Amino acid sequence: MLDKRIQEHMRYYLNAEVSTLIANSRNISPLEGLRLFLKSEVYLMLCDDDLDMWEFSPLALYDMWENEITTGDPRNSLYLRGDEIE
């Protein structure tokens, strides 16, 4: 388990990166991108220490967020389904 200070620092970094990806893809402000991310199930999963979501890159978290928006379930992301990429 990661030290709480490291977790907070990583969460800040991941929040900033994912919200920037959201803002750029939606042509909205970074603050609005952050609001959208903080209201998502993906963010709740990131905050759950038992899930160890720290291992995922910002792009993977963004993909999970996109899947949550389009399908209603972030678990439809290739990063969580475990499909083989050919």
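Remember, predicted model here, so these are calculated numbers, not experimental data. Excluded from the calculations below are hydrogen atoms, water molecules and symmetry mates; all remaining heavy atoms, backbone and side chain alike, are included.
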Asks: Is it true that a side-chain atom of Ser25 and a backbone atom of Ile22 form a donor plus acceptor pair closer than 3.5 Å?
Replies: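 Here the side-chain-to-backbone pair exists.
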Asks: Check the side chains of Tyr62 and Glu66 for a donor-acceptor pair under 3.5 angstrom, ignoring hydrogens and angles.
Replies: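 Present: a donor and an acceptor within the cut-off.
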Asks: Between the side chain of Ser77 and the main-chain N/O of Pro74, is any donor-acceptor distance below 3.5 Å?
Replies: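 Looks like no, no N/O pair under 3.5 Å.
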Asks: Contact between Met64 and Met53 at the side-chain level, heavy atoms closer than 4.5 Å - yes or no?
Replies: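 Met64 reaches Met53 side chain to side chain.
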Asks: Which residues satisfy the side chain to side chain contact (heavy atoms under 4.5 Å, CB included) test with Ala23, sequence neighbours excluded?
Replies: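 Side chain to side chain contact (heavy atoms under 4.5 Å, CB included) check on Ala23 returns Ile28.
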Asks: How many angstroms lie between atom CG of Leu36 and atom OG of Ser19, to the nearest 0.5 angstrom?
Replies: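 These two atoms lie 9.5 Å from each other.
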Asks: Are any non-hydrogen side-chain atoms of Asp73 and Asn67 less than 4.5 angstrom apart?
Replies: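 No, their side chains stay 4.5 Å or more apart.
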Asks: What side-chain donor-acceptor pairs closer than 3.5 Å can you find for residues 41-48, not counting sequence neighbours?
Replies:
| residue | atom | partner | partner atom | Å |
| --- | --- | --- | --- | --- |
| Glu41 | OE2 | Arg75 | NH1 | 2.6 |
| Glu41 | OE2 | Arg75 | NH2 | 2.9 |
| Asp48 | OD1 | Asp50 | N | 3.0 |

Asks: Given side-chain contact (heavy atoms from CB on, under 4.5 Å), test Phe56 with Leu14 step by step and report yes or no.
Replies: CA-CA 9 Å; Phe56 290 103; Leu14 290 170; over 6 Å; no
Asks: Checking salt bridge (Lys or Arg N to Asp or Glu O under 4.0 Å) for the pair Arg11/Glu8: CA distance, chi angles, key distance, verdict?
Replies: CA-CA 5 Å; Arg11 185 174 298 135; Glu8 289 174 20; over 6 Å; no
Asks: With sequence neighbours left out, what residues match Pro30 under side chain to side chain contact (heavy atoms under 4.5 Å, CB included)?
Replies: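 With neighbours one apart ignored, the set is empty.
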Asks: Nearest 0.5 Å, please: how far is CH2 in Trp65 from OG in Ser40?
Replies: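 Taking OG in Ser40 and CH2 in Trp65, the distance rounds to 8.0 Å.
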Asks: Ignoring hydrogens and angles, tell me if any N or O in the side chain of Asp63 forms a donor-acceptor pair with the backbone of Leu59 under 3.5 Å.
Replies: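 No.
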